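These numbers were taken from a predicted model, which means no experiment stands behind them. Residue numbers start at 1 and run along the sequence shown.
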Amino acid sequence: FSALVEAVMVGGLEDTLSGDGPFTVFAPTNDAFCKVPLETLNNLFPDKESLVKVLSRHVVPVKIPSLRIPYGSTNVATIGGEEITATRAKDGISIQSSAGTAKVIISDIKASNGVIHAVDTIV
């Protein structure tokens, strides 16, 4: 998650995400960042407001272990105020935002203030 950690630091969200929580972070992997064109990333990182908006789409201000995500679709509010949809289907769990869809590829990584689910795409 080194690319995500760098983005969080550039966006100034480290204090928020290291707070008491609880949080659920749908954390894009380094491979997810590699899917984004370099020019897009180069434009996003200096634009702190846009970067925080993108990162905030991946954080829910409650702890949601994967077993608590019901079959079907459930809307959840993010720390940025946007709703994302978490969907459990036979083939796994995915999230969808206004920017796209990501599949959870590793679930239930324990964190001191919540839980992390690794996702394959930035949403």
Side-chain angles (χ1 to χ4, degrees):
F1 299 108
S2 59
L4 176 60
V5 170
E6 181 179 348
V8 166
M9 291 174 62
V10 169
L13 288 174
E14 62 268 27
D15 287 342
T16 299
L17 295 180
S18 64
D20 291 338
F23 298 110
T24 298
V25 179
F26 292 97
T29 62
N30 288 346
D31 287 343
F33 277 87
C34 288
K35 289 181 179 181
V36 179
L38 187 57
E39 181 178 344
T40 301
L41 288 176
N42 287 339
N43 289 330
L44 181 62
F45 272 58
D47 183 350
K48 186 175 177 179
E49 183 178 330
S50 294
L51 180 60
V52 167
K53 184 176 179 179
V54 170
L55 295 173
S56 295
R57 263 188 223 126
H58 295 84
V59 182
V60 177
V62 295
K63 182 179 178 181
I64 309 172
S66 64
L67 290 176
R68 290 195 47 218
I69 299 172
Y71 277 90
S73 297
T74 304
N75 291 335
V76 292
T78 66
I79 64 168
E82 183 177 337
E83 280 199 347
I84 61 172
T85 303
T87 302
R88 177 186 289 277
K90 289 180 183 180
D91 63 344
I93 297 170
S94 62
I95 59 167
Q96 183 172 4
S97 76
S98 59
T101 301
K103 183 172 179 60
V104 173
I105 56 174
I106 303 171
S107 60
D108 299 317
I109 302 166
K110 293 180 182 179
S112 61
N113 61 355
V115 65
I116 300 166
H117 305 300
V119 295
D120 67 351
T121 306
I122 297 173
V123 296

CA sep, side-chain torsions, deciding dist, call: K35, T121, side-chain contact (heavy atoms from CB on, under 4.5 Å): CA-CA 7 Å; K35 289 181 179 181; T121 306; 3.1 Å; yes
Those residues that, when tested against H117, pass ring-ring contact (aromatic ring centres under 6.0 Å, His included) (two or more places apart):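 ring-ring contact (aromatic ring centres under 6.0 Å, His included) list for H117, sorted by chain: F26.
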Is it possible for you to say whether [X] and [Y] belong to one hydrophobic cluster, with membership spreading through side-chain heavy-atom contacts below 4.5 Å?
X    : Y    : value
V119 : I109 : no
V52  : L41  : yes
V62  : F23  : no
I116 : I69  : no
I84  : I79  : no

Rounded to the nearest 0.5 Å, what separation is found between the [atom1] atom of [X] and the [atom2] atom of [Y]?
X   : Y    : atom1 : atom2 : answer
F33 : I122 : CZ    : CD1   : 4.0 Å
I95 : D120 : CD1   : CG    : 9.0 Å
N30 : S2   : CG    : OG    : 3.5 Å
L44 : L55  : CG    : CG    : 7.5 Å
K63 : R68  : NZ    : CZ    : 9.5 Å

Closest approach of [X] and [Y], non-hydrogen atoms and distance?
X    : Y    : result
V123 : G100 : CG1-O, 3.5 Å
I64  : V115 : O-CG1, 3.7 Å
V104 : S107 : CG1-CB, 4.0 Å
I93  : S66  : CD1-CB, 3.8 Å
F1   : A118 : CZ-CB, 3.7 Å
S97  : R57  : OG-CD, 3.4 Å

Distance-only donor-acceptor pairs under 3.5 Å for side chains of residues 3-17, two or more places apart:
none

Residue pairs passing the salt bridge (charged side-chain N to carboxylate O under 4.0 Å, His left out) test where at least one lies in residues 89-117, sequence neighbours excluded: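 For residues 89-117: none.
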N75, CG: over 12 other non-hydrogen atoms inside 6.0 angstrom: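 Counting neighbours around CG of N75, more than 12 heavy atoms of other residues, nucleotides or ligands fall under 6.0 Å, so yes.
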Under 3.5 Å: donor-acceptor pair, side chain of T78, backbone of H58: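 Pair absent, no side-chain N/O of T78 close to backbone of H58.
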